[in-house]
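Only one structure is covered here, and it is reproduced in the block below.
Naming convention: chains lettered A, B, ... in sequence-line order (proteins, then strands); numbering from 1 in each chain.
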Amino acid sequence: MVDLKVKVDKLEFKNPVTAASGTFGFGEEFADFMDLNDLGGIFVKGLTLHNREGNDYPRMAETPAGMLNAVGLQNKGVDYFINTIYPRIKHWDTEIFPNVNGSIIEDYIEVTEKLNEVESINAIELNISCPNVKEGGMAFGVNCASAITVTEAIRKAYDKTLIVKLSPNVTDITEIAKGVEGAGADAVSLVNTFLGMAIDAKTRKPILSTITGGLSGPAIKPIALRMVWQVYNAVKIPIIGMGGIMNATDAIEFMLAGSSAIQIGTANFIDPQVCIKVIDGIKEYMLEHRVEKISDLIGAMEV
Amino acid sequence: MKKIQDCKLKNMRYLNDDTYIIELSMPVMPEKIESGNFAEIRVDKTADVFLRRPFSVYDVNYKDNTISFFIKTIGKGTQLLSQLQEGENVNIIYPLGNSFSKIENTKTLVIGGGSGIAPLILLGKELKEKGSKVVYLLGARTENDIHLVEEFETYGEVLITTEDGSLGEKGRVTDHSIWNKISSFDKIYTCGPDPMMHAIGKIAKEHNIECEVSLENTMACGFGACLCCVTATHNGNKCACTEGPVFNVKDLKW
């Protein structure tokens with residue numbers, strides 16, 4: 001028997017494989033395809049204080065080995081999540097992590113305070129890295145001072161595990177990571193999408209309604225992996241790594257680079273069973289390479 | 001229930017240079033499929049075709065355990081699909097989306113353009129079973145792009161327009177003389193290019209006739225996770241994959 005358990009702050013995940021926010025709905029969308037109880041955790045779709053319609057269509061452009069999205073945090077608001085969605089999904093034997101967003105700090109705080117009252121939710125992911133909203137979002141995460149300010153404010157409002165999701169669209173991601181660590185984050189998750197764009201040469205028009213959008217998929221994997229490794233060497237808090245993970249080998253690489261757990265995002269769109277396949281693949285890797293505890297692989301890259 | 005299913009390519013039937021029907025066989029009886037339902041076909045053979053491709057189901061056979069798709073080559077994904085060999089493995093996620101409403105004992109005008117004709121034979125079959133009368137109106141650029149007329153005729157009268165006048169009446173579907181008698185129809189169904197559906201939706205509203213359209217919005221997943229394929233409705237943005245692809249035009253902000 002291999003030991004797949006990993007710890008992120010006070011939380012113990014049954015395995016390191018979680019689904020990334022914005023790619024897994026509220027889990028229910030995947031219930032036909034897998035037993036959701038098998039997952040290490042689910043980072044559910046980003047929440048805001050009020051209902052948000054998101055950006056206009058078109059919101060997606062396929063790109064080589066990846067895609068751009070410009071969804072813009074479409075969601076029905078935190079109250080709808082707590083009162084209507086969460087009661088439907090809380091029975092699953094996996095960690096449910098809300099992803100918290102806001103245009104202004106006061107909104108972030110209000111969303112957080114509401115989630116702080118939900119007893120069985122053990123952590124939140126503070127999203128200061130969404131590239132697709134006009135106000136707030138990534139603006140907080142690309143500047144060290146504002147990243148610290150919002151993290152400090154949320155730290156005061158939240159009693160349980162606080163995970164801060166970092167933007168890769170920065171000069172030095174380790175500065176932001178160190179900043180939010182100092183401001184009270186219990187863990188960081190990285191990376192969110194890279195700002196990119198796509199043009200239709202025939203019509204000379206941008207493909208996305210917002211012109212720019214967030215790039216995800218295996219196209220970003222080497223950059224994401226590098227950033228995880230840099231952050232691992234810069235902070236003491238655990239890292240939840242992501243960026244183009246398509247299979248178990250990718251997941252192992254992110255753990256070797258320093259991730260305590262990983263998130264699978266865009267791959268869910270192509271293979272809705274990919275999370276389960278990654279868990280199985282990790283087990284096979286451990287048996288083949290005589291790894292008894294998956295936690296022994298965290299940051300175990302040999303230089 | 002939505003399923004991920006490995007299928008084998010049973011038959012590839014080319015209708016012309018860029019249009020083909022692929023028939024996939026599966027080892028189990030297909031899930032129940034209604035007109036308008038679609039499948040996401042995996043085509044990721046190269047790095048630049050990363051996502052699955054959504055296609056309306058053209059036909060399903062519960063005895064032979066086959067499912068068929070009518071496809072027009074418009075890009076790299078559809079080009080790769082056209083090169084599949086018999087016996088090759090094809091992975092699909094299905095059945096996805098809602099379906100056209102099947103009204104009883106009425107007179108319907110079913111309009112298709114381009115690859116938008118894909119779900120309309122199944123629709124005609126369902127409407128006929130319900131005792132409704134179907135008149136098909138098919139539009140294309142030239143005669144060479146008008147397909148499957150005999151199959152359509154099984155379920156209703158077929159009217160045709162071509163832009164060059166090589167078959168049927170000359171012009172676009174909205175130019176056809178049938179529109180002079182539009183008040184004799186109770187319902188319009190349409191699937192095709194966006195500008196065509198917009199034009200038809202407008203006429204339907206003017207004549208106060210119910211009209212359902214099947215949208216072909218680009219999507220990443222097809223089952224409500226990515227929220228990329230939304231269309232603006234009077235009740236907010238709705239996913240074309242889960243709350244569509246079929247919408248009543250009166251609900252859309254067109």
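The nearest pair of heavy atoms linking A:Phe30 to B:Ala225 is CE1-CB, 3.6 Å.
By the 6.0 Å contact criterion, CD1 on B:Ile203 is enclosed, its count of non-hydrogen atoms from other residues, nucleotides or ligands being greater than 12. Surrounding NZ of B:Lys202 are at most 12 heavy atoms belonging to other residues, nucleotides or ligands under 6.0 Å away. Heavy atoms from other residues, nucleotides or ligands lying under 6.0 Å from CD of B:Gln83 number more than 12.
Contact count against chain B (heavy-atom pairs under 4.5 Å) is highest for A:Pro272 among A:Gly22, A:Pro272, A:Pro58, A:Pro64.
Of the two parts of A:Phe26, neither the backbone nor the side chain holds a non-hydrogen atom closer than 4.5 Å to a non-hydrogen atom of chain B. Only the side chain of A:Met246 comes within less than 4.5 Å of a heavy atom in chain B; its backbone stays farther off. With a 4.5 angstrom heavy-atom cutoff, B:Ala232 does not touch chain A via any of its atoms.
Proximity of the aromatic rings of B:Phe223 and A:Phe269 is defined here by a centroid distance below 6.0 angstrom, and this criterion is not met.
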request  = Could you give me the CA-CA distance, side-chain angles and deciding distance for A:Met67 and B:Cys228, then say whether side-chain contact (heavy atoms from CB on, under 4.5 Å) is met?
outcome  = CA-CA 11 Å; A:Met67 58 174 275; B:Cys228 289; 4.3 Å; yes
Quick one: donor-acceptor pairs between chain B and chain A, under 3.5 Å, side chains and backbone, table format.
residue, atom, partner, partner atom, Å
B:Lys2, N, A:Asp32, OD2, 2.9
B:Ala47, O, A:Ala65, N, 2.7
B:Phe50, N, A:Glu62, OE2, 2.7
B:Leu51, N, A:Glu62, OE2, 2.7
B:Arg52, NE, A:Ile270, O, 2.5
B:Arg52, NH2, A:Ile270, O, 2.9
B:Arg53, NH1, A:Glu62, OE1, 3.4
B:Arg53, NH1, A:Glu62, OE2, 3.1
B:Arg53, NH2, A:Glu62, OE1, 2.7
B:Thr218, N, A:Tyr57, OH, 2.7
B:Thr218, OG1, A:Tyr57, OH, 3.3
B:Leu227, O, A:Arg59, NH1, 2.7
B:Asn237, N, A:Glu53, OE1, 2.6
B:Asn237, ND2, A:Glu53, O, 2.7

